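First up is the structure itself, then whatever we jot down about it.
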Amino acid sequence: MTVESSAARKPRRTAAGKAGTTGSTTGTSGTKRTTRTTRSTAKKSTDPDLVQLLTPEGKRVANAEYDAFVVGITPEELRGLYRDMVLTRRFDAEATALQRQGELGLWASLLGQEAAQIGSGRATRPDDYVFPTYREHGVAWCRGVDPANLLGMFRGVNNGGWDPNGNNFHLYTIVIGSQTLHATGYAMGVAKDGADSAVIAYFGDGASSQGDVAESFTFSAVYNAPVVFFCQNNQWAISEPTEKQTRVPLYQRAQGYGFPGVRVDGNDVLACLAVTKWALERARNGEGPTLVEAYTYRMGAHTTSDDPTRYRGDEERLAWEAKDPILRLHRYLEASNHADEGFFAELEAESEALGKRVREAVRAMPDPDRFALFENVYADGHALVDEERAQFAAYQASFADEGGH
């Protein structure tokens, strides 16, 4: 499927020069900005270097580099971020339950990655274009895609369920890493259109080992494409830990391609919002690509066909539960008096209503035409497809009993 560029709205501002390597870039103010990630004084020395604005305890910490990108955030907007994460988690839990009940063939949970997705998703503009993998349910929520539409593919009733150009949100991509090439090509088109919008591509730590990702880094750097590569490092590529994927932190790979990389606390929605805004701003200003590594954790299984207890221990999950992204913002909202019990109670009722709506919508989905898979394979038909259709028809007929039932 092709997607039309909806980004040609305003002329792209003159590029301030090709993006440099990890270490320095020029911001919109013309002042030198370092992309070096900073360690919060509240973090333990064993934690990795990353951008953090909210500690796991819900304490706001200053960051001279990125505070400017969230300085004007209002209590209402903070409650909105919290609502987004809670409703996304509730939808995700309902989808997992539906799969266990036989209503879906498969489901890829985002449990634990809500802050990375909501923070980055809310950083985008309507005219930006998003290329997801198959786990970006929170980003889809931010782009206005109905959660029920995400489930059609996993139920086997359609190939996606939404118009990519309706929300500038591409269909889910199952082939690992290929969407980064799609995003790069689209971003190159955006630049040729002279638009000032940006493109963001999502992928995981495991996908970073794919050749498609390396090729997209090369093309985006050489052509100064306005694209942000957003890698959710959830520590596990199915059963392979990150240390078996790379010998350096993932964000440092950008340095070899000639553009900035930054690691952000993927369980900190404020930090993810700020860093992604910064990266998208660079893209819109003609400064080229950026790699953002959101350091987070996949709390559940890779998909519902996976058993994570076979390759990781409970103590690891417990350590990450203490860094839960929703609990973190909940603590901050309470401590700052930005939300009261009435808000949390109303949100709980809203989340239950969402779960019910999604459950009913899935069960009401009509079965697809069983023979539709043979349509549009060839423009003018094909003898082999005709033969396969006939074989499939005979196979379907074999299930009918003597009474025709």
Side-chain angles (χ1 to χ4, degrees), residues 1-22 24-33 35 66 68-69 120-132 136 139-140 142-145 162-171 173 178-203 212-231 254 257-262 273-292:
M1 177 180 289
T2 58
V3 290
E4 304 166 355
S5 173
S6 57
R9 289 165 172 75
K10 295 186 290 184
R12 180 176 293 280
R13 291 187 283 271
T14 302
K18 200 168 185 178
T21 58
T22 304
S24 65
T25 60
T26 304
T28 54
S29 63
T31 58
K32 200 76 167 181
R33 177 189 292 134
T35 61
Y66 297 100
F69 293 91
S120 61
R122 287 302 178 197
T124 61
R125 294 191 328 206
D127 59 329
D128 294 334
Y129 211 102
V130 178
F131 287 82
E136 272 67 60
V139 184
C142 293
R143 299 300 293 182
V145 177
W162 64 91
D163 176 8
N165 295 311
N167 307 77
N168 280 13
F169 185 80
H170 201 265
L171 297 177
T173 305
S178 64
Q179 72 279 4
T180 60
L181 283 173
H182 306 157
T184 298
Y186 191 92
M188 290 165 62
V190 166
K192 288 183 180 295
D193 286 344
D196 75 338
S197 56
V199 176
I200 184 168
Y202 289 86
F203 60 100
D212 285 0
V213 175
E215 292 171 7
S216 66
F217 285 3
T218 297
F219 270 86
S220 64
V222 171
Y223 289 95
N224 207 46
V227 58
V228 175
F229 297 106
F230 195 92
C231 175
Y257 293 88
F259 57 86
V262 60
L273 176 67
V275 169
T276 309
K277 278 187 174 182
W278 164 77
L280 290 168
E281 183 180 288
R282 289 190 70 259
R284 297 189 189 104
N285 291 338
E287 297 177 60
T290 305
L291 171 61
V292 176

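Keep in mind the model is a prediction, meaning the values are calculated, not measured.
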Which pair of heavy atoms, one from [X] and one from [Y], lies closest together, and at what distance?
| X | Y | result |
| --- | --- | --- |
| D128 | A198 | OD1-N, 2.9 Å |
| S220 | V227 | CB-CG1, 3.7 Å |
| S216 | T180 | OG-OG1, 3.3 Å |
| S178 | T173 | OG-CG2, 3.2 Å |
| Y66 | A274 | O-CB, 3.6 Å |
| V139 | G121 | CG1-CA, 4.4 Å |

- Query: Among T276, V275, L291, whose side-chain contact (heavy atoms from CB on, under 4.5 Å) with V262 holds?
  - Reply: V275
- Item | salt bridge (charged side-chain N to carboxylate O under 4.0 Å, His left out) against R143, all qualifying residues, sequence neighbours excluded | none
- Item | Geometric class of the Y257/F259 ring pair [parallel <30°, tilted 30-60°, perpendicular >60°] | tilted
- Give me the ring orientation class for F131 and H170: parallel if the planes are under 30° apart, tilted from 30 to 60°, perpendicular past 60°. parallel
- Message: Let me confirm one number: the CG-CG distance from N168 to D127, rounded to the nearest 0.5 Å.
- Response: 7.5 Å
- From T290 atom OG1 to I200 atom CD1, the distance as rounded to the nearest 0.5 Å: 10.0 Å
Side chains of [X] and [Y]: does their closest heavy-atom pair fall under 4.5 Å?
| X | Y | answer |
| --- | --- | --- |
| T184 | Y223 | no |
| V292 | V228 | yes |
| P226 | V190 | yes |
| F217 | P289 | no |
| L280 | T124 | yes |

- Message: Whether D196 and R125 form a salt bridge (side-chain N of Lys/Arg under 4.0 Å from carboxylate O of Asp/Glu) is what I want to check.
- Response: yes
- Query: Step by step, would you call F69 with L273 a side chain to side chain contact (heavy atoms under 4.5 Å, CB included)?
  - Reply: CA-CA 8 Å; F69 293 91; L273 176 67; over 6 Å; no
- Message: Tell me every residue that passes ring pair (Phe, Tyr, Trp, His ring centres under 6.0 Å) with F203, counting only those two or more places apart in sequence or in another chain.
- Response: none
- Query: When you measure from the side chain of W162 to the backbone N and O of N167, does any donor-acceptor pair fall under 3.5 Å?
  - Reply: no
- Task: Look at the side chain of D212 and the backbone N and O of Q179, then say whether any donor-acceptor pair between them is shorter than 3.5 Å.
- Result: no
